[in-house]
Amino acid sequence: MDDEPWPGVVEVQFTDAVGRRWSLFDKAPIFAAMGELGPDTSYPVEVTVACAVAESNGLVGDDEFVTVSTSVHGVATPDGLEEFTVWPDQLIR
């Protein structure tokens, strides 16, 4: 976690349905609204990323997947990607 600029910027990593690892960067409160991320936090920690379902019921092989958008809070990869294909069990309602 970088404390400049305040309130600190964190990198969140996740793996999509086809095994590709992605990184998202934003201020700590975007990923942990209750203040659980700070300079004294022992990383890595599990966090959530707000998203909206863009498409569901697709298939990767014989398995169902969901396409989500992280644009809810303006979160994107460094190159601007906001849509990702993930497994349904990666989502929290």
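Excluded from the calculations below are hydrogen atoms, water molecules and symmetry mates; all remaining heavy atoms, backbone and side chain alike, are included.
Proximity of L37 to V45: side-chain heavy atoms (C-beta onward) are separated by under 4.5 Å at one or more points. Between T70 and F84 the shortest side-chain heavy-atom distance falls below 4.5 Å. Contact of the C51 side chain with the L91 side chain is registered, since non-hydrogen atoms from C-beta on lie closer than 4.5 Å. In this structure, the side chains of L24 and F31 come closer than 4.5 Å at one or more pairs of heavy atoms. Between W22 and V12 the shortest side-chain heavy-atom distance does not fall below 4.5 Å.
Looking at residues two or more places apart in sequence or on another chain, you find a side-chain contact (heavy atoms from CB on, under 4.5 Å) between E83 and A54, T67, S69. Applying the side-chain contact (heavy atoms from CB on, under 4.5 Å) test to D79 and every residue at least two apart in sequence or in another chain returns T77, L81. With sequence neighbours left out, the side-chain contact (heavy atoms from CB on, under 4.5 Å) criterion links T48 to I92.
Other residues, nucleotides and ligands contribute more than 12 heavy atoms inside 6.0 Å of the CD atom of Q13.
Contact record, A28 with V10: CA-CG2, 4.1 Å, taken as the closest heavy-atom pair. Residues R21 and T15 come closest through the heavy atom pair NH2-OG1, 4.0 Å. Scanning both residues, E64 and P88, for their nearest heavy atoms gives O-CD, 3.5 Å. The two residues F65 and A17 have their closest heavy-atom pair at CB-CB, 4.3 Å.
Under the 3.5 Å distance criterion, the side-chain polar atoms of D16 are matched with a main-chain donor or acceptor of R20.
In summary, the side chains of E11 and S23 do present a donor paired with an acceptor at a separation below 3.5 Å, with no hydrogens or angles considered.
Criterion: ILVMFWY side-chain heavy atoms under 4.5 Å apart, direct or through other members. Under it, V72 and V75 are not part of a common hydrophobic cluster.
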